[in-house]
Amino acid sequence: MSDRMKSSLETFSKSRENVPRVAVKIDSAIARLGRLSVEGGTLCDGASKQSLTLFEALEGIKDELQSISERSSVVEYQETPDDVHTVCELVEGIKDAVLKYQLAQQEMIFNQNLKLITSDELNVLNHSHRAHLAGYKHGNRANCLKGTRESVLDEIEQWAEDFEEPCVYWLNGLAGTGKSTIAQTVAERVFANGHLGASFFCSRDIADRSDLQLIFPTLAFQLAQNYPAFRSSLVPLLQFNPDIVGESLQAQMQSLIVEPLLSTGISTVVLVDALDECKGEYPQSAFLRALGESVSEIPGVKFFITSRPEKDIVAGFSDLELELCKKTFFLHMVDRHTVDSDIRLFFEHELSKLAIQHGGIEDWPTDEQLSSLCQRAAGLFVYAVATIKFLDHGLRCPSDQLHVIMKSPESTIYEGTVRLKTYASLDSLYLSIFEAAFGEYSAEDQARVQTILSAVIFAFNPLSPTTISTLLGFKRSEVLATLGSIQSLLAIHEDPNKPVQPFHKSFPDFITDPTRCVDTRFSISPDHHIKLALCCLKLLNEFPERNHWAISSDSTFAECNELRGRIRQSDVYEALVYASKSWYQHLATSKYPTADVLSALSHFLGQEFLFWASMMPLVRARIALREVISWLIKVSTDINMNLAQSLSIIKENHKAFFRAISFRRLGSFWKITQISDLAQEVSQAIKLELLVVSRVPQ
């Protein structure tokens, strides 16, 4: 961009009394163009071709730029609305052209770095324990719509490039305010500038991306891919201590991140999105504590973190060591007019596409409808996204769908205690969608809907409609019809074998909270965990092919491997995998056992456990038994002291066994028989108590 053009735009931006939004856009463009640059030096193969593509794109707007520069007065240019629009479009065109060029160039550099990894290094890195598909390039997250979020994006980009700024940036926002969309856009732009070292997008619906223990190992893996010097430092460490992932978060941060960065002097940006979606043994504050203790040692590295302002995270960021080196941006406190303008632009863009898709809907939406939608969104981008998904029903006219939303009652409740006062809430949108989809259903149909949705909400890993139907015993068509009725709230693939999950976590938060989902026809209680546990146990106990597959304590390792291969060929393989991994987790999350669950559990432990223990990692079999015994003791204490005492004795008798296998590699087959014997004892204890209970007069 020429100095003359930049000076003209700066003068133009100062005259903004009549066009405040255009002034903001121009200010943003100036800041953005001031930072974007085409890197010189040695270009990788194909860079000259990309440069040509860039210059061809810029050539297309050269005449318009010339006409701007020939104006005798920039103020004169501002007086014509069409010219103002042209300036904005030209600036956006320049930004897009340069960004695309930079992205392509950085992608080639990244691919070249991958080619430099030796086979030995690749072997070590690929065997390191980490989360998969956690980086910004994976998933289907959207970027910010062009022309929106300009001020916050500019501030973050300036922070990323100014190493005088604090080294940690916390984007703090309520659920649904667009944090992940901003994070995705920031990641892309920082990558384009050549500064993104690693990124981790947390997700509570995907096990490895919600595990705090895997964040630092995954970031280290990506840093090793991007920087050969970092890789040379990290690989020997992983060879010496491959179990580093099991150590404390402080030890991980120091060994996997700080030490390699210190030894190489690399300057980079690391991004972690949606920290609040992590769960497990450690609270999120443990991650922040580890970061705060060491981040000052690597001043050339910047950490960008997004999360909801949950109590534990707020406490973690308030720790003195982190407090002194962080910058906070409260996304939900951005000027309301600015947010509403961005949301209105989003609605205009998406609704115009819908109108075209439906053959053109005249005079739709009206200005009044757009204003009403923006008011109901109440500053929450997730509302806008949910609205568009609801309107894009496929079989129904968007204008009819919009009418359904417009007549939904208002609510003052959002996310439990956060009130939106006079504006309709996200909860009221969810209720209107459920009312439209299932309001006329019978009690029996409502129960089926709750059961199917419980498999979406409470599954420990996302399940496909096919797997849900197998697990629950429903027809796949029933599952697809139920999920399709609320497609505005779910991410559903055309392929029924692909996982389905809530498009945003505020939906499961709402549907499982009786103080927010006040209509009991639609709310889903955590009691469904016990029902899902029973479904898992029934599938493992009863699936037809099981009668043709046998295993015993004398089976060889080769026979077990052969059987695993046959299971993979089963039509219900995905459901079996989920059931074998999750039956005990659903039990451990339940508050009480039912007689049918205890009966199914007794049969499973006595008759089927040896088979499934041989099909899964031995560590998982041990953990499953440990969790189930602990759960049974806990829930039986109040309702069946005899069973609780029997199980406590069993646990005490096998304490040495549990200790012996807790901290070593478990590969010996004889340990399976030990675990199977323990399962038999638990099964007999349950069976005995069921027999006693059945003989007691009612």
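Sequence positions, counted from 1, serve as the residue numbers for this chain.
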Exercise. What are the two closest non-hydrogen atoms of Ser307 and Asp276, and how far apart are they?
Worked result: CA-OD1, 3.2 Å

Exercise. Would you say Leu262 and Ile298 make side-chain contact, with heavy atoms under 4.5 Å?
Worked result: yes

Exercise. Sub-3.5 Å donor-acceptor pair from the side chain of Asp208 to the main-chain atoms of His132, do we have one?
Worked result: yes

Exercise. Judged by atom type as modelled, is there a donor-acceptor pair below 3.5 Å linking the side chain of Thr268 to the main-chain atoms of Val301?
Worked result: no

Seminar exercise, completed: Between Phe347 and Leu370, the two heavy atoms sitting closest are CB-CD2, 3.8 Å

For this session: Check whether any side-chain heavy atom of Leu373 lies under 4.5 Å from a side-chain heavy atom of Leu351, and answer yes or no.
Result: yes

Exercise. Distance from Leu145 atom CG to Glu348 atom CD, nearest 0.5 Å?
Worked result: 10.0 Å

Problem set entry | Side-chain touch Ile305/Tyr169, heavy atoms, less than 4.5 angstrom | no

For this session: Kindly indicate, with the supporting measurements, whether the criterion side-chain contact (heavy atoms from CB on, under 4.5 Å) is fulfilled by Leu275 and Thr306.
Result: CA-CA 6 Å; Leu275 182 62; Thr306 78; over 6 Å; no

Exercise. Short question: side chain of Asp162, backbone of Gln158 - any donor-acceptor pair under 3.5 Å?
Worked result: no

Seminar exercise, completed: Heavy atoms of Ala220 and Leu234 approach each other most closely as O-CD2, 3.6 Å

Problem set entry | Flag, side chain of Gln213 to backbone of Glu247, donor-acceptor distance under 3.5 Å | yes

For this session: Please examine the side chains of Thr328 and Phe330, heavy atoms only from C-beta on, and report whether any two atoms are closer than 4.5 Å.
Result: yes

Exercise. Taking only residues two or more places apart in sequence or in another chain, which ones pass ring-ring contact (aromatic ring centres under 6.0 Å, His included) with Phe191?
Worked result: Tyr136

For this session: Begin with the C-alpha distance, continue with both residues' side-chain angles, and end with the deciding distance and a verdict on side-chain contact (heavy atoms from CB on, under 4.5 Å) for Asp319 and Leu288.
Result: CA-CA 9 Å; Asp319 184 80; Leu288 298 173; over 6 Å; no

Exercise. Does Ile109 reach the side chain of Gln106, with side-chain heavy atoms less than 4.5 Å apart?
Worked result: yes

Exercise. Gln254 and Ser294: side-chain donor and acceptor closer than 3.5 Å?
Worked result: yes

For this session: Can you measure from OH (Tyr430) to CD1 (Ile511) and round to the nearest 0.5 angstrom?
Result: 9.5 Å

Seminar exercise, completed: In Phe304, Phe317, Phe303, the residue satisfying ring pair (Phe, Tyr, Trp, His ring centres under 6.0 Å) with Trp170 is Phe317

Exercise. Is it true that Asp211 and Arg130 make a salt bridge, defined as a side-chain N closer than 4.0 Å to a carboxylate O?
Worked result: no

Exercise. Val295 versus Cys325: any side-chain heavy-atom pair under 4.5 Å?
Worked result: yes

Exercise. Can you list the steps and then say if Glu107 with Lys137 is a salt bridge (charged side-chain N to carboxylate O under 4.0 Å, His left out)?
Worked result: CA-CA 11 Å; Glu107 191 65 38; Lys137 296 180 184 179; 2.9 Å; yes

Problem set entry | Gln184: which of Asn143, Asp273, Leu271 passes side chain to side chain contact (heavy atoms under 4.5 Å, CB included) | Asn143

Problem set entry | Asn193 vs Glu161, side chain to side chain donor-acceptor pair (under 3.5 Å): CA-CA, chis, key distance, verdict | CA-CA 9 Å; Asn193 288 336; Glu161 297 188 6; 3.1 Å; yes

Exercise. Do you know the tightest heavy-atom contact between Asn113 and Asn226?
Worked result: ND2-O, 3.0 Å

For this session: Report yes if some heavy atom in the side chain of Val258 is under 4.5 Å from a heavy atom in the side chain of Leu261; otherwise report no.
Result: no

Problem set entry | Approximate separation, where rounding is to 0.5 Å, of Asp340 CG and Arg344 CZ | 9.5 Å

Exercise. Is it the case that Arg209 places NZ or CZ above or below the six-membered ring of Phe201, under 6.0 angstrom from the centre and within 45 degrees of the axis?
Worked result: no

Exercise. Between Ser233 (side chain) and Phe230 (backbone), is there a donor-acceptor pair under 3.5 Å?
Worked result: no

Exercise. Does the Glu157 side chain pair with the main chain of Val186, one donor and one acceptor, at a distance under 3.5 Å?
Worked result: no

For this session: First locate atom CD1 of Ile117, then atom CZ of Arg231, and finally report the distance between them rounded to the nearest 0.5 Å.
Result: 4.5 Å

Problem set entry | Under 3.5 Å donor-acceptor, Thr148 side chain and Cys144 backbone | no

Seminar exercise, completed: Rounding to 0.5 Å, atoms CG (Leu219) and CZ (Phe221) come to a distance of 12.0 Å

For this session: Evaluate side chain to side chain donor-acceptor pair (under 3.5 Å) for Arg149 paired with Thr181, printing each intermediate quantity in order.
Result: CA-CA 10 Å; Arg149 300 299 206 180; Thr181 304; over 6 Å; no

For this session: Using only heavy-atom distances, determine whether the side chains of Tyr227 and Gln222 contain a donor-acceptor pair under 3.5 Å.
Result: no

Exercise. Any sub-3.5 Å donor-acceptor pair from Ser210's side-chain atoms to Ala207's backbone N or O?
Worked result: yes

Problem set entry | Within 45° cone and under 6.0 Å: Lys302 NZ/CZ vs Phe163 ring | yes

For this session: Applying side-chain contact (heavy atoms from CB on, under 4.5 Å), run through Ile215 and Leu212 and close with a yes or a no.
Result: CA-CA 6 Å; Ile215 295 183; Leu212 281 176; 3.8 Å; yes

Exercise. Atom OG in Ser199, atom CD in Glu188: separation rounded to 0.5 Å?
Worked result: 11.5 Å

Seminar exercise, completed: When every non-hydrogen atom of Ile257 is compared with those of Pro260, the smallest separation belongs to O-CD, 3.5 Å

Exercise. Which atoms form the tightest heavy-atom contact between Ser255 and Leu237, and what is the distance?
Worked result: O-CD2, 3.1 Å

For this session: Could you tell me whether the side chain of Ser296 and the main chain of Gly292 form a donor-acceptor pair under 3.5 Å?
Result: no

For this session: Using distance alone, with no hydrogens and no angle criterion, decide if Asp312 and Ser285 have a side-chain donor and acceptor under 3.5 Å apart.
Result: yes

Problem set entry | Close side-chain approach of Thr177 to Val339, heavy-atom, < 4.5 Å | no

Problem set entry | Presence of salt bridge, Arg308 and Asp509, under 4.0 angstrom | yes

For this session: May I ask you to establish whether Lys179 and Phe381 are in a cation-pi arrangement, using a distance under 6.0 Å from NZ or CZ to the six-membered ring centre and at most 45° from the ring axis?
Result: no

For this session: Look at the side chain of Gln501 and the backbone N and O of Leu490, then say whether any donor-acceptor pair between them is shorter than 3.5 Å.
Result: no

Problem set entry | Lys/Arg-Asp/Glu bridge criterion (N-O < 4.0 Å) met for Glu293, Arg289 | no

For this session: Test side-chain contact (heavy atoms from CB on, under 4.5 Å) on Leu153 and Arg189 and set out the steps.
Result: CA-CA 9 Å; Leu153 289 172; Arg189 292 187 179 183; 3.8 Å; yes

